[in-house]
Amino acid sequence: MKINRDGLSGLIQKYLDGTCTPQEKELIDSWFEDENVNLAERNTSALDMQEFIWQKIRKQVEPVEQRRNFFQSPFFQKQRILRLAVAASVIIAGSFAFFFLKSQNNELFGPLTESDAKYLETNNTNQIKSIYLEEASRVDLRPGSSIRYSKPFAKNKREVFLKGEAFFEVTKNPKRPFIVYAGEVATKVVGTSFIVRSGIEDAQDVEVSVVTGKLIVERKKNDPAQKTENNGVVLTPNQKVTFYHIENHFVTGLVDKPVLVKPQYEIARTHLFRFEETPLQEVLEMLHDAYGVRFELLNDNIRTCPFTADLSGEPLYTKLDIIAGSLNAQYEVKGLSIVLSGGSCE
């Protein structure tokens with residue numbers, strides 16, 4: 001046969017040498033599926049494989065030609081070999097395109113699995129290890145922790161598998177959400193900074209804390225066809241959620257050390273946290289603006305109580321200790337809110 005088949009021949013030789021990519025291997029295997037041919041169990045030469053595939057290509061191409069009178073012209077009859085070669089290249093290119101899209105478009109073909117994430121980073125030191133990913137995103141990996149990810153990321157999402165604890169600072173890209181899988185939990189963000197800890201009380205327990213931005217935490221989908229989970233939560237700065245594997249539920253709360261949501265210079269310029277006979281309601285509104293935390297008053301009688309103190313530089317809970325102590329009140333964290341009870345203006 002005089003048809004030029006160098007491209008096909010080269011691909012087959014790579015297959016036999018074991019140097020082809022997984023997509024190329026899957027393509028070659030697909031040509032033999034309907035023939036019940038097990039290439040791994042028979043001694044198939046490169047020439048035999050090439051001839052087999054080429055004949056299948058001709059069977060697909062020639063019936064189409066017979067139905068098209070235009071291609072029966074003398075000119076195209078003389079170019080029959082060229083047409084077969086072009087048609088074959090189109091079929092092969094189309095097959096490669098299918099497998100490429102299959103690997104890139106995970107929304108259509110299901111989520112990335114941990115076994116597909118070929119790149120492994122492990123922190124075997126006693127210090128934090130910083131790992132830089134695409135789009136300038138960063139992962140600070142705690143000692144004894146590891147992450148797996150693909151390189152490059154898929155076109156429509158960025159996926160990472162975590163074991164242990166890590167701080168993530170993700171560059172914003174609405175078209176490529178960033179997803180962290182840890183235990184049975186999937187954390188989805190567009191651009192933010194947050195902490196993920198796995199193995200809290202149980203190996204499958206996971207805690208997610210938000211530093212900046214907003215994220216969604218939900219059960220990891222076991223069924224690729226399942227589109228949503230109805231037990232996820234949305235978190236904003238200074239909020240956290242813990243998934244308890246044994247109880248199979250989420251518990252929300254506030255982080256142990258809330259940080260300022262707005263940049264420090266904005267807070268200093270507008271509030272300074274220095275209060276002089278300021279009504280308690282205004283004090284709490286300032287703290288809400290600064291930390292993004294909700295406050296609830298069970299005793300409306302203290303809403304207008306004047307408060308005087310300089311709370312600049314103090315952590316949030318220390319600020320609250322001083323406020324509650326000056327009013328003989330108490331506070332406690334309930335879910336995502338801080339509730340003040342009791343107290344008086346005297």
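Here the structure is a predicted model, which means the values were calculated and not measured.
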To the nearest 0.5 Å, atom CD of E282 lies from atom CG of L287 at 12.0 Å
Please name all residues satisfying side-chain contact (heavy atoms from CB on, under 4.5 Å) with K175, sequence neighbours left out, ordered by chain then number. N173
Shared hydrophobic cluster for L260 and I322 (ILVMFWY, side-chain gaps under 4.5 Å): yes
Are V233 and V180 linked, directly or through intermediate hydrophobic residues, by side-chain heavy-atom contacts shorter than 4.5 Å (ILVMFWY only)? yes
May I have the step-by-step check of side chain to side chain contact (heavy atoms under 4.5 Å, CB included) for V208 and F250, ending in yes or no? CA-CA 11 Å; V208 180; F250 290 99; over 6 Å; no
E277 backbone acceptor or donor facing T308 side chain under 3.5 Å: yes
For the pair T171 and F178, evaluate side chain to side chain contact (heavy atoms under 4.5 Å, CB included) and give the outcome as yes or no after the intermediate values. CA-CA 9 Å; T171 302; F178 195 99; over 6 Å; no
Drop me the distance from C305's SG to L297's CG, to the nearest 0.5 angstrom. 9.5 Å
Kindly assign one of parallel, tilted or perpendicular to the pair Y149 and Y119, based on the angle between their ring planes and the thresholds 30° and 60°. parallel
Could you pull out all residues at least two apart from E121 that satisfy salt bridge (Lys or Arg N to Asp or Glu O under 4.0 Å)? K129
With the 4.5 Å side-chain cut-off for hydrophobic clustering, are L336 and L215 part of the same group? no
Do V211 and E169 come within less than 4.5 Å of each other through their side chains, counting heavy atoms only? no
Please enumerate all residues that pass side-chain hydrogen bond (donor to acceptor under 3.5 Å, both in side chains) together with E276, with sequence neighbours excluded. none
Residue pair A166 / V139: nearest heavy atoms and the distance that separates them: CB-CG1, 3.8 Å
Just jot down the side-chain contact (heavy atoms from CB on, under 4.5 Å) partners of P258, sequence neighbours excluded, or say none. N238, V255, Y291, L316, Y317
I need the minimum non-hydrogen distance between H288 and F295, along with the two atoms involved. N-CE1, 3.8 Å
N/O donor-acceptor pair under 3.5 Å between S145 side chain and E165 backbone: yes
Report the distance from atom CZ of R197 to atom NZ of K240, rounding to the nearest 0.5 Å. 8.0 Å
Measure the spacing between OG of S150 and CZ of R158 and express it to the nearest 0.5 Å. 11.5 Å
Partner of V241 under side-chain contact (heavy atoms from CB on, under 4.5 Å), chosen from V206, V210, L235, T187: L235
Among residues at least two apart in sequence or on other chains, which ones pass salt bridge (Lys or Arg N to Asp or Glu O under 4.0 Å) with K214? none
side-chain contact (heavy atoms from CB on, under 4.5 Å) partners for Q127, two or more places apart: T125
Assess the side chains of T122 and N124: does a donor N or O sit below 3.5 Å from an acceptor N or O? no
Indicate yes or no for a side-chain donor-acceptor contact from R303 to the backbone of P279 under 3.5 Å, with no hydrogens or angles considered. no
If you apply the rule side chain to side chain contact (heavy atoms under 4.5 Å, CB included), what do you find for L327 with L340, and how did you get there? CA-CA 10 Å; L327 300 173; L340 280 81; 5.8 Å; no
Worked verdict on E296 versus I338 for side chain to side chain contact (heavy atoms under 4.5 Å, CB included): CA-CA 6 Å; E296 298 180 16; I338 295 178; over 6 Å; no
Minimum heavy-atom separation for I179 to K157, with atom names? CD1-CD, 4.3 Å
Is there side-chain contact between E207 and V196, with at least one heavy-atom pair below 4.5 Å? no
Between the OG atom in S312 and the CZ atom in F275, the distance rounded to the nearest 0.5 Å is 8.0 Å
Between E314 (side chain) and L311 (backbone), is there a donor-acceptor pair under 3.5 Å? no
Determine the minimum heavy-atom distance between N299 and G342, stating which atoms define it. ND2-O, 3.4 Å
Calculate, to the nearest 0.5 Å, the distance between atoms CG and CZ belonging to D140 and F168 respectively. 9.5 Å
Any side-chain heavy-atom pair of I246 and D205 under 4.5 Å: no
